[in-house]
Amino acid sequence: MRIAAAAGPGGGGTLRTLAEDGTPAAPARAVPDLVAAIADQERAAAPRWVWPSTARLYPRLLDAGVRVARCHDLELVESLLLGHAGRYGEPRSVAAAWARLRGEPVPPDRPPDEPAPQPSLFDDDPERDAPADDIGRIVAVHAAQQRAIAGLDGFALLAAAESAGALVAAEMRRDGLPWSAAEHDALLTELLGPRPTGGLRPRRLQDLADRISAAFAPSSGPHTHVNPDSPAQILKAFASAGLPIPSTRAHVLKRIDHPAVPLLLEYKELSRLHTAHGWAWLDTWVSGGRLRPEYVVGGVVSGRWATSGGGALQIPRVLRRAVVADPGWALVVADAAQLEPRVLAALAGDRAFADAAAHGDLYAALSDAFHDDGAGGLDARGKAKLALLSAMYGGGTGEAVQLLAVLKRRFPDAFEYVEAAARAGENGRLVRSRLGRTCPPPSAGWRELTSAGDDSGRGTAAQALRSRGRFTRNFVVQATAADWALALLGSLRRRLTVLQPPPTAIQGSSSARRPAGGTASAAPGAPRLVFFQHDEVIVHTPAGLAAEVTAAVHAAADEARRLLFGDTPVAFPMEIAVVGRYADAK
DNA sequence: TGGGCCGGCGCG
DNA sequence: AAAGCGCGCCGGCCCA
């Protein structure tokens with residue numbers, strides 16, 4: 001069963017029960033307290049909730065202690081359908097979708113940084129005149145989406161997985177990643193020196209900066225300051241020292257012999273930590289022992305999540321020691337091993353490749369196709385890995401050229417799969433993930449540039465062609481990996497709910513301040529998904545449930561494999577560690 | 001002073 | 001000859 005929910009003024013709203021295909025199954029009914037009504041229905045029927053935007057509505061339900069099992073997020077699904085139709089980026093609001101259905105002018109979406117005139121729904125101030133959701137439009141747009149989805153293989157699963165992802169993202173933000181500010185501060189102090197006051201550099205960084213200027217003094221002059229934060233100044237300083245370099249990237253610096261190099265490398269590393277994840281970051285994003293970043297579901301074209309604050313997907317490995325389970329709790333850290341090449345094996349149906357991917361270390365299994373020439377350079381496993389990465393990313397220079405040839409000979413179907421995706425991209429066509437997530441079409445500028453007929457293989461037109469080829473080549477793999485990860489996440493979330501102790505039902509609450517119950521309402525002592533990073537999840541769980549959580553992760557990974565690839569022989573093993581702190585996971 | 005681009009590097 | 005995929009965020013730097 002599905003129920004459409006529309007926010008009305010003053011915390012009220014409208015519900016309407018729907019059949020699976022979106023046909024109304026009962027009249028719409030107004031409810032005075034939408035949160036309470038949703039909680040009641042969730043308890044009674046656990047429907048799939050049909051609403052405009054989980055990101056906007058669900059946090060308020062969570063505030064009231066209400067969790068729901070399933071939803072259909074109209075905006076996210078609209079985005080997916082538009083993308084599939086080659087209309088990437090068109091407005092996705094219910095109002096826009098409704099206008100498209102009626103052939104009327106389509107209103108633009110609100111820029112994401114502009115706060116919505118906050119719905120009415122859950123609004124504390126009933127006096128405020130915010131526009132309410134329109135239940136009629138919601139029902140009509142949903143029905144149209146269901147008709148479209150029914151004609152697209154895999155899309156029903158994609159829509160459900162994307163919507164479940166939105167629920168998880170909101171819940172993870174609310175629950176937060178356990179984060180020890182004390183550990184974080186201790187690490188910063190250990191590496192950088194005490195926290196400085198006013199915008200000063202920490203002691204250790206200032207010391208390095210001074211020594212860097214000194215190291216350049218013989219060529220740049222004794223009184224010249226070289227700001228290590230300025231690539232331009234560094235380039236100039238090296239040029240003065242007779243060492244012209246194309247950039248100040250770490251791998252370039254490592255190749256030259258100059259006393260400033262080790263200082264610069266150390267400075268870069270520490271400065272990065274200080275500016276990106278230092279004390280200011282700690283103050284901003286960690287509170288109450290939890291990191292609460294803003295996740296953006298579907299924020300990457302491939303279906304990966306992005307963040308719009310908190311940098312949760314770029315947390316440096318050294319900081320993992322600050323991620324500490326609560327006393328009596330544990331972190332179940334689970335990582336999909338070699339996900340993308342396994343996805344390629346399953347996508348391509350390459351028999352030889354799939355057999356190699358059936359278990360264990362994929363690269364090692366492939367390595368007998370490559371030979372180990374002893375001394376120096378890559379071993380056979382390293383060659384296998386480089387060949388695969390080159391195939392999936394569109395690289396292939398130097399040694400990789402030979403390795404790609406080996407890959408092509410031994411695993412022709414896998415090789416051809418990504419080659420075909422690259423050709424499609426170069427021809428301006430669209431490519432799709434397993435479940436139907438679709439890459440954006442090329443821009444008008446790209447079409448103009450590449451239609452000029454320059455087939456010399458050189459010049460900007462050829463570069464643009466190859467660039468799009470690399471993009472679509474990678475898209476099919478990365479986006480299908482994202483499909484798999486979303487399916488895993490949804491499955492795991494459902495399985496964790498079952499592990500939770502039965503919720504304590506609280507009857508008749510109509511206040512947003514009191515927990516309003518709900519089938520999967522917040523229960524202390526329940527395992528929670530607290531982190532998701534492309535191919536890795538962390539569950540924070542009472543230590544006594546860690547074994548069950550581990551089993552749930554394995555089961556979810558297998559379910560995701562089955563949902564995407566049916567009876568493929570390719571395995572998707574999870575590497576799982578039960579630890580007290582994230583840093584101990586591997 | 002604020003916006004936007006760039007170099008560089010963190011994560012996958 | 002050189003080049004691989006996807007992000008977010010920071011400081012420097014240029015410009016209005």
Side-chain angles (χ1 to χ4, degrees), chain A residues 113 199 201 205 209 226-236 245-253 264-265 267-278 280-281 284-285 293-296 298-320 335-341 343-344 386-401 403-404 418 421-422 425 431 433 437 439-440 457-459 462-482 484-485 531-537 582:
Chain A
D113 47 346
R201 280 195 182 109
L205 284 179
V226 178
N227 180 358
D229 288 322
S230 168
Q233 289 185 30
I234 305 282
L235 289 183
K236 208 170 122 198
I245 47 176
S247 84
T248 67
R249 287 187 186 51
H251 69 93
V252 172
L253 293 183
L264 277 167
L265 294 175
Y267 181 90
K268 279 169 179 285
E269 193 178 331
L270 295 178
S271 169
R272 165 89 200 172
L273 180 65
H274 176 241
T275 57
H277 290 95
W281 180 90
T284 305
W285 295 105
E294 291 164 18
Y295 298 97
V296 184
V300 180
V301 291
S302 65
R304 283 181 169 189
W305 291 9
T307 52
S308 68
L313 303 182
Q314 296 101 237
I315 295 168
R317 297 179 80 95
V318 295
L319 269 185
R320 291 182 180 186
D335 183 292
Q338 302 157 338
L339 178 58
E340 292 196 352
V343 160
L344 175 56
L386 178 59
L388 269 173
L389 292 179
S390 298
M392 293 188 300
Y393 288 166
T397 58
E399 189 178 9
V401 175
L403 301 179
L404 278 171
V418 283
V431 297
S433 75
R437 193 185 303 266
C439 78
R458 293 187 300 276
Q463 279 174 15
L465 279 172
R466 281 197 293 269
S467 171
R468 182 166 169 84
R470 286 193 303 273
F471 169 60
T472 52
R473 167 195 295 275
N474 182 252
F475 183 94
V476 292
V477 177
Q478 188 184 115
T480 301
W484 180 90
F531 192 58
F532 171 55
Q533 186 179 32
H534 312 314
D535 60 0
E536 179 177 7
V537 296
Y582 190 13

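Numbers restart at 1 for each chain; the letters A, B, ... are given by sequence-line order, proteins then strands.
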Note: A:R468 and A:C439 closest approach over all heavy atoms is NH2-SG, 3.8 Å

Mark yes or no for a side-chain to base donor-acceptor pair under 3.5 Å between A:R470 and C:dC5, with no hydrogen or angle criteria applied. no

For A:S271, which contact category applies under a 4.0 Å heavy-atom criterion: base, sugar-phosphate, or nothing? nothing

Looking at A:L264 and A:P228, what are the two nearest heavy atoms and their distance? CD2-CB, 4.1 Å

Atom pair distance, as rounded to whole Å: OH in A:Y295 and P in C:dC7: 18 Å

Touch class at under 4.0 angstrom, heavy-atom based, for A:G310 against every strand present: sugar-phosphate

If I take atom CG in residue A:L235 and atom P in nucleotide C:dG12, what distance separates them, rounded to the nearest angstrom? 15 Å

Within the structure shown, what part of the strands sits under 4.0 Å from A:S467 by heavy-atom distance: base, sugar-phosphate, or nothing? nothing

Which nucleotide sits closest to the side chain of A:D229: C:dG12, B:dG7, B:dC11? C:dG12

OP1 or OP2 of C:dG11 under 4.0 Å from side-chain N/O of A:N227: no

When rounded to whole Å, the CD to P distance for the pair A:E269 and C:dC9 reads 21 Å

When the distance from CZ of A:R317 to C1' of B:dC9 is rounded to whole Å, what number comes out? 15 Å

What's A:A250 touching, base or sugar-phosphate or nothing? Going by heavy atoms closer than 4.0 Å. sugar-phosphate

Between B:dG10, B:dG12, C:dC7, which one does the side chain of A:E536 approach most closely? B:dG12

Classify the nucleic acid contact of A:Q533 as base, sugar-phosphate or nothing, counting any heavy atom under 4.0 Å across all strands shown. sugar-phosphate

For A:E269, look at atom CD and say whether over 12 heavy atoms of other residues, nucleotides or ligands are found less than 6.0 Å away. no

Between NE2 of A:H274 and P of C:dC9 the distance, given in whole Å, is 18 Å

If you look at every strand shown and take non-hydrogen atoms under 4.0 Å, does A:R473 touch a base, only sugar-phosphate, or nothing? nothing

Would you mind reading off the distance between A:H277 atom NE2 and C:dC9 atom P, rounded to a whole angstrom? 9 Å

Assign A:R249 to base, sugar-phosphate, or nothing according to its heavy-atom contacts below 4.0 angstrom with the strands shown. sugar-phosphate

Ignoring hydrogens, what is the shortest heavy-atom contact between A:E536 and A:Y582? Give both atom names and the distance. OE2-OH, 2.7 Å

Short side-chain N/O contact from A:R304 to OP1 or OP2 of C:dC7, under 4.0 Å: no

Residue A:T275, side-chain heavy atoms: nucleotide from C:dG11, C:dG8, C:dG6 that is nearest: C:dG11

Does A:S302 make a side-chain N or O approach to OP1 or OP2 of C:dG6 shorter than 4.0 Å? no

Does a nitrogen or oxygen in the side chain of A:K268 sit under 4.0 Å from OP1 or OP2 of B:dG8? no

Taking OP1 and OP2 of B:dG8, is either one under 4.0 Å from a side-chain nitrogen or oxygen of A:S247? yes

Specify the separation, in whole Å, of atom CD of A:E340 and atom P of C:dC7. 13 Å

A:R201/A:D229 salt bridge by N-O under 4.0 Å criterion: yes

Options C:dG6, C:dC9, B:dG7, nucleotide nearest the side-chain atoms of A:Q314: C:dC9

Heavy atoms under 4.0 Å, any strand shown: does A:G299 hit a base, just sugar-phosphate, or nothing? nothing

Whole-Å distance separating the CG atom of A:N474 from the P atom of B:dG12: 16 Å

How would you label the contact of A:R320 with the nucleic acid (heavy atoms, under 4.0 Å): base, sugar-phosphate, or nothing? sugar-phosphate

Are the side chain of A:D535 and the backbone of A:L339 linked by a donor-acceptor contact shorter than 3.5 Å? no

Specify the closest pair of heavy atoms between A:L404 and A:A387, including all atoms of both residues, with the distance to one decimal. CD2-O, 3.6 Å

